[in-house]
Protein chains: 2
Amino acid sequence: MAGSIQSVERAAAILRLLAGGERRLGLTDVASTLGLAKGTAHGILRTLQQEGFVEQDDASGKYQLGAELLRLGNSYLDVHELRARALVWTDDLARSSGESVYLGVLHKEGVLIVHHVFRPDDSRQVLEVGAMHPLHSTALGKVLAAYDPVAHGEAVEGEREAFTPRTVTSLQGFEDVLDITRARGWAADLEETWDGVASVAAPIHDRRRVPVGAVGVTGAVERVCEDGEIRARLVAAVRDCARAVSRDLGGGRF
Amino acid sequence: MAGSIQSVERAAAILRLLAGGERRLGLTDVASTLGLAKGTAHGILRTLQQEGFVEQDDASGKYQLGAELLRLGNSYLDVHELRARALVWTDDLARSSGESVYLGVLHKEGVLIVHHVFRPDDSRQVLEVGAMHPLHSTALGKVLAAYDPVAHGEAVEGEREAFTPRTVTSLQGFEDVLDITRARGWAADLEETWDGVASVAAPIHDRRRVPVGAVGVTGAVERVCEDGEIRARLVAAVRDCARAVSRDLGGGRF
DNA sequence: TCCGGTGTTCGACATTGTCGACCGCCGACC
DNA sequence: GGTCGGCGGTCGACAATGTCGAACACCGGA
């Protein structure tokens, strides 16, 4: 019993599979992909369906994720201490900077967005809470990779995909970026993940000075940058916000 | 094998338990609440933790929901067809009505909010996607209860809690409300769920004319109402939006 | 220091989930 | 319109699997 519970592991694998494939998947697809007997896969799927984690399309019989997951994911946010403490400060940061604010934590091989404040204007924006961002190219990711040893390992060992011509992919170049980040206490992303988009981020520490997440603002490079560099006022605002949240968590006193 | 897989069922129960209790729960709490041996509960929790569905606080050893749930819940939204079709129309509705817009579907004994557009001003608002609203007192819930037989059963059989003095709790009164809803094609909530808050909602049907969800706007009673009734202009806007989304789903042509 | 509590490990037992063959159904394709 | 292939779903035998309860190591408070 030192290992894991097989059926729960398999249920999780099914959920992750359904989350990955864009559209619905059939029973046979699921079974063959995971190397399970059809009967086995069906038993797990039936249970997941009863629990609301999976839904079945009446017409095609294919499976997709269920609503209960949305509810539980929401409950996760309610319990999330960092997010709760950061709510007020990120709101202020969005207001003062005029740009959208992201709060991210390390999850698996990327940055999980746990809070997102829209840019304060009436433009159409999609909420990115729950989305994953790469570690090696975003400002949030660089901050985590620079301060969190686990994140560093993931970023160094994983593949660093080039999203734009400016993405840093070489190991040496990436380590240099992290050195700079640690030296000045914040990280930038100048069109390294999305063309025309730049961002700044700073680390958040908990009471034991352990890095637990990162805040950052993101916006069109024309607004966020000046002379090819992030505007100093924005950098200061982001770092202030990060410090405020850290202090709120009972963290460092400087 | 006609039944469900026990361990998966139990894992789901643990997740739901963790989602319910506000703060973290200890192993012993979990085991005793679900009537399991400590060792059994530990095995399931360990597996859920490896899969990222549960996290353990290093200091206290207590358990809470994990980040993977947020990611999966987000993936659910990506696949959700109704939500995808409704995105554009709800945006327009928020703009034209000047109030916040909600899109809900039936889930278990309540309305699950799958999309939420903020009121188009700079006020501080919390995103309610993933939250559950009651069936018997909200406009969205009444619409679902009026048109969806399953929702109707849940609303009638379940307990109808009085949130404000205006909440309709008696069975007869509630059925009357549903009759009115069916007769005029939309439902209202005049301070029946939250004091000072009113809302209107209309049903969305799919291509087979089956009710699949509801859209509605919600706002301060002073803005939304006139002479103790919902403003006619708002009702028309909501119903237009519901029809537009239904048509987009390939539904009814009127 | 001791105690009550925690989370965790371990091994024996039999319950439980797994497997693979079988069934009925729908849609595509001669 | 028949046939055929593939689908999702079911069933029963087998043993691998998860369950249980006792014992463990650890921590904090008394």
Side-chain angles (χ1 to χ4, degrees), chain A residues 1-18 21-66 79 81 206-208 210 250, chain B residues 1-18 21-66 79 207-208 210 250:
Chain A
M1 269 295 295
S4 309
I5 288 175
Q6 192 187 50
S7 37
V8 175
E9 234 178 354
R10 288 174 168 178
I14 288 180
L15 289 179
R16 231 174 290 118
L17 179 64
L18 289 175
E22 273 310 304
R23 65 171 183 295
R24 299 178 249 262
L25 289 176
L27 170 62
T28 312
D29 300 331
V30 173
S32 67
T33 304
L34 299 177
L36 299 176
K38 268 200 303 182
T40 306
H42 178 245
I44 299 177
L45 276 167
R46 173 155 31 83
T47 309
L48 288 173
Q49 186 180 4
Q50 280 176 14
E51 303 293 338
F53 289 87
V54 152
E55 288 167 6
Q56 188 175 22
D57 187 50
D58 295 339
S60 63
K62 293 185 184 298
Y63 294 93
Q64 62 170 57
L65 293 183
V79 187
E81 189 183 353
D206 72 356
R207 63 187 71 82
R208 298 187 306 276
V210 178
Chain B
M1 269 293 297
S4 308
I5 289 175
Q6 194 188 48
S7 38
V8 175
E9 239 177 353
R10 289 175 167 177
I14 288 180
L15 289 179
R16 231 176 287 116
L17 179 65
L18 288 176
E22 274 309 305
R23 66 171 182 297
R24 298 178 247 262
L25 289 176
L27 169 62
T28 313
D29 300 331
V30 173
S32 68
T33 306
L34 299 177
L36 299 176
K38 266 201 305 181
T40 308
H42 176 63
I44 299 177
L45 276 167
R46 174 154 32 86
T47 309
L48 288 173
Q49 186 180 3
Q50 281 175 12
E51 303 293 336
F53 289 86
V54 154
E55 288 167 6
Q56 188 174 21
D57 187 50
D58 296 339
S60 63
K62 291 184 185 300
Y63 294 92
Q64 63 170 53
L65 293 182
V79 188
R207 62 189 71 83
R208 300 185 304 277
V210 177

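No experiment lies behind these values; they were computed from the predicted model shown. Below, read A as the first sequence line, B as the second, and so on, with proteins coming before strands; counting in each chain starts at 1.
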Inter-residue atom distance Lys38(A).NZ - Thr28(A).OG1, 0.5 Å rounding: 5.0 Å

Sequence-distant partners of Glu9(B), side chain to side chain contact (heavy atoms under 4.5 Å, CB included), two or more places apart: Thr47(A), Gln50(A), Glu51(A), Ser4(B)

Bending between helix ends of the helix from dT16(C)-dA15(D) to dC30(C)-dG1(D) [5 pairs per end, 10° resolution]: 0°

Member of Leu17(B), Leu45(B), Thr33(B) meeting the side chain to side chain contact (heavy atoms under 4.5 Å, CB included) criterion with Leu25(B): Leu17(B)

Within-4.5 Å side-chain heavy-atom neighbours: Val30(A) and Tyr63(A): no

Qualifying residues under side-chain hydrogen bond (donor to acceptor under 3.5 Å, both in side chains), relative to Asp29(B), sequence neighbours excluded: none

dC14(D) to dC13(C) separation - P atoms, rounded to the nearest Å: 22 Å

Reading 5' to 3' through nucleotides 2-8 of chain C, protein heavy-atom contacts under 4.0 Å coded B for base, S for sugar-phosphate only, - for none: ----SBB

Please tabulate, one pair per line, each protein N/O and nucleotide N/O from nucleotides 15-17 of chain D that are separated by under 3.5 Å, including the distance.
from, atom 1, to, atom 2, distance (Å)
dT17(D), OP1, Gln6(A), NE2, 3.3

Separation of atom CG in Leu34(B) from atom C1' in dT19(D), rounded to whole Å: 15 Å

Heavy-atom donor-acceptor pair, Gln49(B) side chain to Val54(B) backbone, under 3.5 Å: no

Heavy-atom closest pair, residues His42(B) and Leu27(B): N-CD1, 3.6 Å

Contact summary for Ala41(A) and Ile14(A), nearest pair of heavy atoms: O-CD1, 4.4 Å

For atom CD1 of Ile44(A) and atom P of dT16(C), their distance in whole Å: 16 Å

Pairwise distance CD1(Ile5(B)) to CD1(Ile44(A)) - rounded to 0.5 angstrom: 4.5 Å

Partner residues of Glu81(A) under the side chain to side chain contact (heavy atoms under 4.5 Å, CB included) criterion, sequence neighbours left out: Arg85(A), Arg207(A), Leu249(A), Arg24(B)

Nearest-Å distance once atom C1' is located in both dT17(D) and dA13(D): 16 Å

Atom-pair distance (CZ on Arg46(B); P on dT19(D)), nearest Å: 11 Å

Whole angstrom value for the distance that separates P of dT19(D) from CG of Leu36(B): 8 Å

Thr40(A) side-chain N/O to dC19(C) phosphate OP1/OP2 under 4.0 Å: yes

Backbone N/O of Gln64(A) and side chain of Glu55(A): donor-acceptor pair under 3.5 Å: no

